[in-house]
Amino acid sequence: DAGITQSPRHKVTETGTPVTLRCHQTENHRYMYWYRQDPGHGLRLIHYSYGVKDTDKGEVSDGYSVSRSKTEDFLLTLESATSSQTSVYFCAIRDSFTEAFFGQGTRLTVV
Amino acid sequence: GENVEQHPSTLSVQEGDSAVIKCTYSDSASNYFPWYKQELGKRPQLIIDIRSNVGEKKDQRIAVTLNKTAKHFSLHITETQPEDSAVYFCARGNKLVFGAGTILRVKS
């Protein structure tokens, strides 16, 4: 599984509550990414990181924040979850000259 | 300037025929172009990638071509098989911006 783990794998939460998804890697890869996947929209980049404490916004970053305080962990936080954030979230890791490896995904339902 | 346009959105071919999926981009600084395959309920997995110093790359039945001048790159699958049925995504750059995907159906 290329040393990448997402947690939790499934979560149901209520509108307005904060939610944090975790991506953990054991590969010491530099780049880490968070995507959301919705039918008809493919994989849309939320945020990405190119090193510890170095992050940047993707195309759908509104309502999301990220944290990368150490190489192995990249956290995605929904400060106040909304129903529009119901989605499947994928984390990916990559190094400068390697392919990107994806985690197994987290299915988030906001009710 | 970050988007990647991918076409077609769906593609149906007869087993044994070829399939071609095309992506266009606008960021001329991009130098890395991977293609991913995602089967139903699974994570995306790399099938082939190409860097900007190469115009074409092949791996058995799969090939990718890159035209940096025209800013487009294409995935070619020859002798398609039912197990090639999946969603295919192109992407570009270190930021890994993805296209919207192509649903490929191979009919036997």
Side-chain angles (χ1 to χ4, degrees), chain A residues 1-7 9-10 21 23-25 27 29-51 54-62 66 68 74 87-107, chain B residues 1-11 21-27 29-54 57 59 62 64 73 75 86-105:
Chain A
D1 287 353
I4 176 171
T5 306
Q6 289 185 231
S7 59
R9 294 290 316 283
H10 302 272
L21 308 183
C23 180
H24 178 77
Q25 62 150 326
E27 303 295 325
H29 282 353
R30 176 183 178 189
Y31 298 97
M32 298 186 77
Y33 308 80
W34 275 109
Y35 295 91
R36 60 177 290 173
Q37 186 169 37
D38 307 288
H41 291 280
L43 292 156
R44 291 186 291 176
L45 182 66
I46 304 172
H47 283 279
Y48 72 108
S49 170
Y50 40 96
D54 283 329
T55 65
D56 204 353
K57 295 179 179 180
E59 57 193 306
V60 290
S61 59
D62 288 348
V66 289
R68 192 167 180 201
F74 193 32
S87 187
V88 177
Y89 291 84
F90 282 101
C91 174
I93 62 172
R94 180 173 172 254
D95 222 350
S96 297
F97 295 100
T98 68
E99 66 184 89
F101 295 96
F102 282 80
Q104 292 175 293
T106 295
R107 185 172 296 276
Chain B
E2 292 193 331
N3 287 347
V4 179
E5 299 291 328
Q6 183 172 344
H7 297 281
S9 57
T10 61
L11 178 60
I21 303 170
K22 183 177 177 180
C23 287
T24 60
Y25 63 99
S26 55
D27 180 6
S30 294
N31 58 9
Y32 177 61
F33 306 91
W35 285 91
Y36 282 78
K37 175 183 181 182
Q38 186 178 28
E39 297 176 345
L40 190 63
K42 297 189 177 180
R43 73 189 88 183
Q45 291 192 304
L46 183 81
I47 54 171
I48 195 167
D49 57 9
I50 192 169
R51 296 189 181 273
S52 58
N53 58 344
V54 175
K57 184 177 179 181
D59 183 2
I62 295 172
V64 55
F73 56 110
L75 177 70
V87 182
Y88 292 82
F89 295 97
C90 64
R92 65 148 189 89
N94 285 332
K95 200 171 179 178
L96 277 186
V97 177
F98 280 79
T102 297
I103 300 171
L104 174 63
R105 297 190 183 94

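A note on names: the letters A, B, ... follow the listed sequences, proteins ahead of strands, and every chain is numbered from 1.
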Can you say whether Tyr50(A) sits under 4.5 Å from chain B via the side chain, the backbone, both, or neither, judging by heavy atoms?
neither
May I ask you to decide if the ring planes of Phe102(A) and Phe98(B) are parallel, tilted or perpendicular, using 30° and 60° as cut-offs?
perpendicular
Report which part of Lys42(B) has an atom under 4.5 Å of a heavy atom belonging to chain A: side chain, backbone, both, or neither.
backbone
So for Gln6(B), is it side chain, backbone, both, or neither that comes closer than 4.5 Å to the heavy atoms of chain A?
neither
Reported CD1-to-CD1 distance for the pair Ile48(B) and Ile62(B), which is rounded to 0.5 angstrom:
6.5 Å
When the 4.5 angstrom heavy-atom criterion is applied to Thr98(A) and chain B, the contacting part is backbone
Under a 4.5 Å cutoff for heavy-atom pairs, which residue among Asn94(B), Ile103(B), Val97(B) has the most contacts with chain A?
Asn94(B)
Mind telling me whether Tyr33(A) and Tyr31(A) have parallel, tilted or perpendicular rings, with 30° and 60° as the class edges?
parallel
A cation-pi test, strictly: NZ or CZ of Arg94(A) under 6.0 Å from the centre of the six-membered ring of Tyr32(B) and no more than 45 degrees from its axis. Yes or no?
yes
Under-4.0 Å salt bridge between Lys57(B) and Asp59(B):
no
Side chain / backbone / both / neither for Leu43(A) at chain B, heavy atoms under 4.5 Å:
both
Rounded to the nearest 0.5 Å, how far apart are CD1 of Ile47(B) and CH2 of Trp35(B)?
8.0 Å
Contact part of Pro34(B) toward chain A, heavy-atom cut-off under 4.5 Å: side chain, backbone, both or neither?
neither
